[in-house]
Number of protein chains: 2
Amino acid sequence: MPSTELPQQMSARRIDRPVPLRERVYQAMQELIISRQLAPGQHLVESELAEMLGVSRQPIREALQLLNSEGWVDLRPGYGAFVHAPTEAEVDQLLVVRAALEAESARLAALNTDAEGVARLRKLCAQGEAAVASDDIDGMVAANAELHRCVTELSGNQVLLDMVSQVDRRVRWYYTPIARHRGHQSWQEHARLIDAIEAGDADAASRTMREHTERTRQSYLEQRRENPEPEVAPVQVRSRRRRTAPGV
Amino acid sequence: MPSTELPQQMSARRIDRPVPLRERVYQAMQELIISRQLAPGQHLVESELAEMLGVSRQPIREALQLLNSEGWVDLRPGYGAFVHAPTEAEVDQLLVVRAALEAESARLAALNTDAEGVARLRKLCAQGEAAVASDDIDGMVAANAELHRCVTELSGNQVLLDMVSQVDRRVRWYYTPIARHRGHQSWQEHARLIDAIEAGDADAASRTMREHTERTRQSYLEQRRENPEPEVAPVQVRSRRRRTAPGV
DNA sequence: ACCTCGACTTCTGCATACAGAATACTGTAT
DNA sequence: ATACAGTATTCTGTATGCAGAAGTCGAGGT
């Protein structure tokens, strides 16, 4: 029974409001997908998920709706849900969109420039360079994500932030190989980007960000070409198929 | 491998598959919101909607999830759903994002330029100009929407198309006054945009689109300043409050 | 051996039911 | 009159049940 009392220690929420189950299911499933425990293409059976997560089908369904609207799973109306399997073309398109949105973020951030924000950026940049120096891939990825997010926050455009975050989650899978591929250069570009933002030079900031994300995209394409399908578990069969009980 | 892969059976896509109830509810509610029959800020009670539309609460809930993820309603976890009431700042931000995405669309469309697509654009442009000539506001809005959509389609980027469509639906409310405000000039700009796309001049196309959407945004801001709240029904009370049932 | 037809299984879609949470109301005290 | 507390009520969140549709498997015909 899911009536398990959990110590409501999440602070991001309003005072003591229980996080809806659907949201926890959403989070859990997103992580299962990112970690490949739910493989791309896999058929998701509601009752199995319900059992696996210890809840009823209802919150599962609602979470699936959400995951669908963000491109994590595909819903075939009469049939079921499938973990979305992004093609190379699709990831490429996502990176193009991301490039456009982030270039706009940088432009607006430069127009909104503010000393405190620039300081945050510098700090993150330093963290990233440190990660490069110690060859810490995960650290690079993390600092990179935070830095980009910070730029978008500094744009002051909440809609933009939501959108970039959404796109970003969908391509997060692909950052690790990219970071491995061009870690050092990437952080030089970040430094120049911050210079432009600090100077309030909107065009330069936009252009620098665009070139930066464009190189990231190129890097992805090269990586993928060298390593076409990065350990994609091949559709890991849905469920043990109970043979029809032979009556005899 | 003696490929016994099912040949035609693969397209077993029933043409008359029954549209899921949740989707019809989604459509219906979106139209109710656009037509202001459900007013911004209004509290949506699931059971009332269910009764109004003649279905159970389940498809209502699923539709609400969808409407929430697209910004049509706000979901307050413990409490309920409310028709989203966009602020001026939010609409402005949406228009900024739209400008960035559409500029990218135009850029890509110019790179992908193709005679057949340009012909479609020209035709839509002619329709729009005809609508301007006959002072047909709705015609202008429709032709405008189709033209912009067409440009994004020509970009060849499906992700971009999805994203632009989503943003576009959220600002559709505001197109009519804008069209009324600057109908004629708008179509001159469209013509120049198409020229740039036809010429394959990506920078010009991008710049033209950006200036165009930027003027649209300015037009919105002016309009809104003249007419701060375009007939927003003020939160039309939720439900007749049944006095405590007087028993027998 | 291949294809077709038919029944079975399983799953989704939808409806209903129940418990807890949040709100709004009412009465009382200051 | 205002503020506060207690109570009542409504609504959401979640679980469960049921019917129909989609897919699958197997048998029989060609």
Side-chain angles (χ1 to χ4, degrees), chain A residues 1-6 8 13-26 42-51 53-66 68 73-82 237-248, chain B residues 2-26 42-66 68 73-82 237-247:
Chain A
M1 275 307 150
S3 50
T4 340
E5 308 284 342
L6 54 160
Q8 316 193 350
R13 188 60 88 172
R14 220 77 170 136
I15 21 177
D16 267 30
R17 207 198 276 294
V19 178
L21 263 190
R22 62 162 176 269
E23 231 164 276
R24 279 184 285 174
V25 171
Y26 166 80
Q42 180 173 351
H43 184 185
L44 300 175
V45 177
E46 294 174 2
S47 52
E48 288 179 15
L49 293 171
E51 192 182 356
L53 299 176
V55 301
S56 81
R57 276 179 54 211
Q58 173 98 7
I60 298 284
R61 281 180 71 82
E62 294 183 3
L64 286 174
Q65 303 285 339
L66 218 67
N68 172 249
V73 310
D74 302 316
L75 249 39
R76 260 208 283 166
Y79 189 35
F82 298 80
V237 181
R238 39 195 281 203
S239 47
R240 74 285 140 170
R241 195 130 192 86
R242 287 203 305 247
R243 281 276 90 302
T244 304
V248 182
Chain B
S3 60
T4 50
E5 39 201 27
L6 28 162
Q8 298 108 339
Q9 191 71 359
M10 201 52 208
S11 61
R13 204 65 164 187
R14 296 281 182 208
I15 299 181
D16 67 330
R17 82 183 150 179
V19 179
L21 218 42
R22 61 161 178 267
E23 229 161 279
R24 278 184 286 176
V25 171
Y26 166 79
Q42 181 173 349
H43 183 184
L44 301 175
V45 177
E46 293 175 3
S47 53
E48 288 178 15
L49 294 171
E51 193 181 356
M52 180 192 309
L53 299 177
V55 300
S56 82
R57 276 178 56 211
Q58 173 101 6
I60 298 284
R61 280 181 72 82
E62 294 184 2
L64 285 174
Q65 305 284 339
L66 221 69
N68 172 249
V73 310
D74 302 316
L75 250 38
R76 262 208 281 164
Y79 190 35
F82 298 79
V237 181
R238 38 195 282 200
S239 47
R240 75 285 144 170
R241 196 125 192 91
R242 285 203 305 247
R243 275 310 59 305
T244 305

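A, B, ... follow the sequence lines: proteins, then strands. Residue 1 opens every chain. Keep in mind that this is a model prediction, so the values were computed, not measured. Note that these values count all heavy atoms, side chains included, but never hydrogens, waters or copies made by symmetry.
In this structure, CG of A/Leu44 is placed 13 Å from P of C/dG13, rounded to the nearest angstrom. Rounded to whole Å, the distance from CG on B/Leu49 to P on C/dA15 is 14 Å. What separates CG of A/Leu21 from C1' of C/dG20 is a distance of 13 Å, to the nearest Å. In this structure, CG of B/Asn68 is placed 14 Å from P of D/dT12, rounded to the nearest angstrom. When rounded to the nearest whole Å, the span between CZ of B/Arg22 and P of C/dT12 equals 11 Å. B/Phe82 has its CZ atom 11 Å from the C1' atom of D/dC11, to the nearest Å. One atom, NE2 of A/His43, and another, C1' of D/dG23, lie 10 Å apart when rounded to the nearest Å.
Residues B/Leu75 and B/Gln65 approach most closely at CD2-OE1, 4.2 Å, considering heavy atoms.
B/Arg57 comes within 4.0 angstrom of a base, heavy atoms only. Here B/Arg61 lies in heavy-atom contact (under 4.0 Å) with a base. Counting any heavy atom pair closer than 4.0 Å across all strands shown, B/Leu64 reaches no nucleic acid atom. Residue contacts for A/Ile60: at a heavy-atom cut-off of 4.0 Å it reaches no nucleic acid atom on any strand shown. Residue A/Glu46 is in sugar-phosphate contact alone, with no base atom involved, counting any heavy-atom pair closer than 4.0 Å across all strands shown.
Applying the 3.5 Å distance criterion, the base of D/dG23 shares no donor-acceptor pair with the side chain of A/Arg76.
Atom CG of B/Leu49 and atom CG of B/Leu44 lie 5.5 Å apart (nearest 0.5 Å). Residue A/His43 holds its NE2 atom at 8.0 Å from CZ of A/Arg76, rounded to the nearest 0.5 Å.
Counting only heavy atoms from C-beta on, B/Tyr79 has its side chain closest to C/dA24 among C/dA24, C/dG13, D/dT12. Closest contact between the side chain of B/Gln58 and the listed nucleotides D/dT12, C/dA15, D/dT14 involves C/dA15. For B/Val45, taking side-chain heavy atoms from C-beta onward, the closest of the listed nucleotides D/dT14, C/dC14, D/dC11 is D/dC11. Side chain of A/Ser56, nearest nucleotide from C/dA15, D/dT14, C/dC14: D/dT14.
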Without placing hydrogens or testing angles, list every side-chain donor-acceptor pair under 3.5 Å for residues 18-25 of chain B, not counting sequence neighbours.
| from | atom 1 | to | atom 2 | distance (Å) |
| --- | --- | --- | --- | --- |
| B/Arg22 | NH1 | B/Glu62 | OE1 | 3.4 |

Quiz item: Between B/Asn68 and B/Leu64, is a side-chain contact (heavy atoms from CB on, under 4.5 Å) present by the stated rule, with each step listed?
Solution: CA-CA 6 Å; B/Asn68 172 249; B/Leu64 285 174; over 6 Å; no
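Listed by chain and residue number, nothing satisfies the ring pair (Phe, Tyr, Trp, His ring centres under 6.0 Å) test with B/Tyr26 (two or more places apart in sequence, or in another chain).
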Polar atom pairs (N or O), protein with nucleotides 5-7 of chain D, under 3.5 Å:
none

